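Beneath this line is the structure, given in structure tokens, with notes to follow.
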Amino acid sequence: MERAAFLVSASSETDEELAAGAFDRDESYFKTRAKGPRAPQSNSAQLSAFENASRWNLGSSLFGIRCLQIVSTVAAVFILTTILLHVLLREIPNARRLPQPSEAQLELLSTADLERHVRTLASDAFEGRAVGTRGEQKSAAYIAAELLSAGFAPAGDPRRSKSNSTAAYLQRVPLYGFQALPSTAQLTLTRSRNQRATAEQSSASAKASSALQFGADFSLTSERFNIAAIQSQQLESQDIIDGTLSSSWTLDMRENDVVFGGFCISTPRWDDFKATNLSGKVVLCLVNQPRIEGTDGAAVFGGPGAALSYAGRWTAKLEELRRRRAAGVLLLHTDEMAGYGWNVIESGAYAENLQLRGSVSSRKQALLFRGWIRADALEARMAEAGAVQRLIKAACSRHFKPHVLSALKISVSAEIQQRLVTGSNVVGVLRGKNAPEEVVMLTAHHDHLGMRNATRESAAKENAQSGAAVASDETVVYHGALDNAAGVAKLLAIARVLGKLSAEGACCDRSFVVLSPTAEEAVLLGSSHYAEVPSAAPLSAVVGMLNFDGMNVWGKTHDQVALGSQLSSLGEMFAHAVHAEKLVVAHDIMPLQGLFFRSDQLPFARKGVPALKLTHGRRFERAQLLMTAGDDSNDSNSSVPDARLRMSLKDAELKYFEETVGEYEANRYHQSSDSFEYISGLPDPYSGAIQEMRVALRLLYGLLQSRLRPEWNSTEVLANPSR
């Protein structure tokens, strides 16, 4: 009982007091022991000694516990920090362990090869490389011959894998082709009688009923293949291969309601449809995603400057409306929301619309018609000024519901030409020496828009842009020099270098597959077909893939970009390759345009393959030429040199970007002026391209020579792949 009382009493002391008392008593105790045996003690003395010893033992125990706690805490923090750093930075050490090519190997990349390939593929002789045409056949044969020369085995047709003919490199891509005859295509918007009266009172210029002009105001096509139109024709296999089997049918829809579907987005975060039945309806859709500041939509999607999500991409809207069995879709175009001008839509209006056979076109989901309409053309035919802007703002509300535009009726008619088309993917493989079952891929599409006769309006535009004398009704070739003869040129130049290194035994442990898809301009059909039916190796064997679409022809940059770098650890490996070139990594230079969703890496990413599109940044070295020579910020004696110089350089870089890349996007993208002559006329067309290729070669070489495997690490919608 006394001991218990002592312990209770002792426990009321603080840990610090106990520890201090323990040290004091410890010193007294050992001094006493040093004098020799102690004399017998009284009971009270014995009790006092017992208390002292107990206090000393308790203090020592508490001190030991405290020390153990401190040591345990430090150890736990160390272990957790180590684990956290390993998780966050796990790929940086791996990236730095990637083997690197020597400078001599990097210098094998040839400007002469680039120039030769671009000049050839973008020439008139290749007729714009439209899918299923003589121009594409020549392009595919040219690419296959180059791969054969570089030491690549054919991998397009497994039945001919042991053949050395260029045909063995070709993977056939079965397609349907649709085209509305321009002379027959009509789209008319008619206001109701009540709305006409209102319009006459409010605006004398408003039109009660007005036909829009094909190409200038709207585009139109179909994706529903009319089997009945060809049942009477004999299906010869050669006809199908050559694309000569064709027929036509008449599209005719009169006085239909127009349902405004807002942004036509359906995700867990945002639902425009609210269970509305759209079966058999004509739907007007906004492109992009809600961005008006202060609205519900801006809060959900990240605001005016947020990167475009896949749900905002117009192709995703068509996918959703097919599932909802809409009859027709009109996409509303503004330069800002589409990310490009109406000139791009107008060029596409005269091009053939392609669909994979056995996909949407053979199902009931196929749209009877789809197209684009200019916002100002629609505005001019609505009852009140500002009506389009009010529609856009209303669609940015979480409470938006699809509704019929009571002011309008739509009529659509056209003769639709249809045909069976066969495009050609070009596939070659360089077999790996130690791990041939693992694959690294490089892609660049070869198709473009082909040829068409110039209208009076388009001839005037071509003359203004290129300075060439283009007459009305003259055949115009859409050369596609940057889009994408240049991308194919980079692919072939790198393939030749790696083929040479492989022949010399300096590469490659893994297999290297080169793919030049067809029908990229028709929404990634060639790469989508390959992703479903891979001819060289199953997608589960693909470690990672890179894609080229375009080329930097405006000079060297200080930065490089990999679209999709946030989706997998392949982005970390790309960063290491960039740093090895003494450059910096930049983010997407046009985030509002959703460029990752517009090129051939997308079908692979959607299947779970780590994939990047490599491109240049926007900090061009030549921007320094635009800096004002007399700016006192360049004066070493200036009192404000650094801040003013940085601002001046930043402004110069922005101006140079707008005058080069911006000018191309505005005036040459998908126009006939995207030509070899345009590229060759630039002051420094290939140094920036060599920069891009050196980074790509470093990354490809590292993947081919290692056993490291990039890992998918995104939480975005594309992070749920199924290979």
Side-chain angles (χ1 to χ4, degrees), residues 307-310 313 315 339-340 440-447 480 482-494 513-517 519-521 523-528 530-531 539 542-553 557 559-575 577-578 583 585-618 661 664-665 669 688-689 691-700 703 710 712-714 716-719 721:
L308 182 69
S309 64
Y310 183 67
R313 176 81 172 126
T315 54
Y340 39 76
V440 178
M441 290 187 69
L442 178 63
T443 63
H445 77 91
H446 60 262
D447 66 293
L482 273 186
D483 184 18
N484 190 37
V488 175
K490 292 193 296 184
L491 175 145
L492 293 176
I494 286 179
V513 171
V514 166
L515 165 66
S516 182
E520 188 269 356
E521 303 291 2
V523 198
L524 320 181
L525 298 184
S527 54
S528 295
Y530 185 92
L539 289 193
V542 181
V543 173
M545 66 87 66
L546 307 182
N547 180 46
F548 289 144
D549 195 352
M551 183 171 78
N552 176 12
V553 295
T557 60
D559 49 357
Q560 295 285 297
V561 174
L563 301 178
S565 60
Q566 78 281 8
L567 299 177
S568 74
S569 57
L570 188 58
E572 296 287 352
M573 299 178 179
F574 165 78
V578 171
L583 302 171
V585 175
H587 297 296
D588 185 352
I589 60 177
M590 298 177 182
L592 274 63
Q593 294 194 23
L595 296 178
F596 182 78
F597 308 126
R598 290 166 52 179
S599 199
D600 283 315
Q601 68 282 341
L602 180 64
F604 293 91
R606 296 183 78 174
K607 291 288 187 180
V609 176
L612 301 176
K613 176 187 173 182
L614 303 192
T615 186
H616 57 84
R618 62 190 308 156
V661 183
Y664 171 82
E665 293 286 339
Y669 175 62
Q691 250 187 344
E692 293 176 317
M693 293 165 62
R694 285 175 63 97
V695 170
L697 183 56
R698 283 184 182 277
L699 183 50
L700 290 168
L703 289 171
W712 190 267
N713 61 10
S714 173
E716 297 295 326
V717 64
L718 294 177

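Since the structure is predicted, the reported quantities are computational estimates derived from the model, not experimental observations. What's counted below: heavy atoms across the whole structure, side chains too, no hydrogens, waters or symmetry copies.
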*Please name the residue in the list V542, N547, L515 that meets the side chain to side chain contact (heavy atoms under 4.5 Å, CB included) test with F604.*
L515
*For the student: nearest non-hydrogen atoms of D600 and E520, plus distance*: OD2-CG, 3.2 Å
*Provide the closest heavy-atom pair for L614 versus A562 in the form atom of the first, atom of the second, distance.*
CD2-CB, 3.9 Å
*Main-chain N/O of V585 paired with Q560 side-chain donor or acceptor, under 3.5 Å*: no
*Would you check if the side chain of S516 reaches a backbone N or O of A444 as a donor-acceptor pair within less than 3.5 Å?*
yes
*Shortest non-hydrogen contact from A486 toward M551*: CB-CB, 3.5 Å
_For the student: nearest non-hydrogen atoms of M693 and A493, plus distance_ = CE-CB, 3.5 Å
_Please report the interatomic distance OG1(T615) to CD1(I589), rounded to the nearest 0.5 Å._
5.5 Å
*Write down the atom of A696, the atom of I494, and the distance for their closest heavy-atom approach.*
CB-CD1, 3.9 Å
*Taking C-beta and beyond as the side chain, do M590 and V661 meet within less than 4.5 Å on heavy atoms?*
yes
*Determine, stepwise, if the pair M441 / Y530 fulfils side-chain contact (heavy atoms from CB on, under 4.5 Å).*
CA-CA 12 Å; M441 290 187 69; Y530 185 92; 3.9 Å; yes
*Can you name the closest pair of heavy atoms from S527 and P517 and give their distance?*
N-CB, 3.8 Å
*Using atom types as modelled and distance alone, determine if a side-chain donor or acceptor of D549 lies under 3.5 Å from a backbone N or O of S599.*
no
*Beyond-backbone contact of D483 with E521, side-chain heavy atoms, under 4.5 angstrom*: yes
*State the CD-CG distance between E692 and L697, to the nearest 0.5 angstrom.*
13.5 Å
*Any P710 side-chain heavy atom under 4.5 Å of L703 side chain*: yes
*asked:* Pair T443, M545 - check side-chain contact (heavy atoms from CB on, under 4.5 Å), show working.
replied: CA-CA 8 Å; T443 63; M545 66 87 66; 3.4 Å; yes
_So L612 and S565, do their side chains get closer than 4.5 Å, heavy atoms only?_
yes
*asked:* Main chain of H616, side chain of N552: is a donor-acceptor contact present, judged purely on distance under 3.5 Å?
replied: no
*Would D588 and F596 count as a side-chain contact (heavy atoms from CB on, under 4.5 Å) if you check the C-alpha gap in whole Å, the side-chain angles of each, and the deciding distance to 0.1 Å?*
CA-CA 9 Å; D588 185 352; F596 182 78; over 6 Å; no
*Any idea how F597 and Y310 line up, ring-wise: parallel (<30°), tilted (30 to 60°), or perpendicular (>60°)?*
perpendicular
_Main-chain N/O of D559 paired to T557 side chain as donor or acceptor, under 3.5 Å_ = yes
_Using side-chain heavy atoms (C-beta onward) and a distance below 4.5 Å, is K613 in contact with L546?_
no
*N484 side chain to H446 main-chain N or O, any donor-acceptor pair under 3.5 Å?*
no
_Criterion side-chain contact (heavy atoms from CB on, under 4.5 Å) on V561 and H587, from CA distance to verdict_ = CA-CA 6 Å; V561 174; H587 297 296; over 6 Å; no
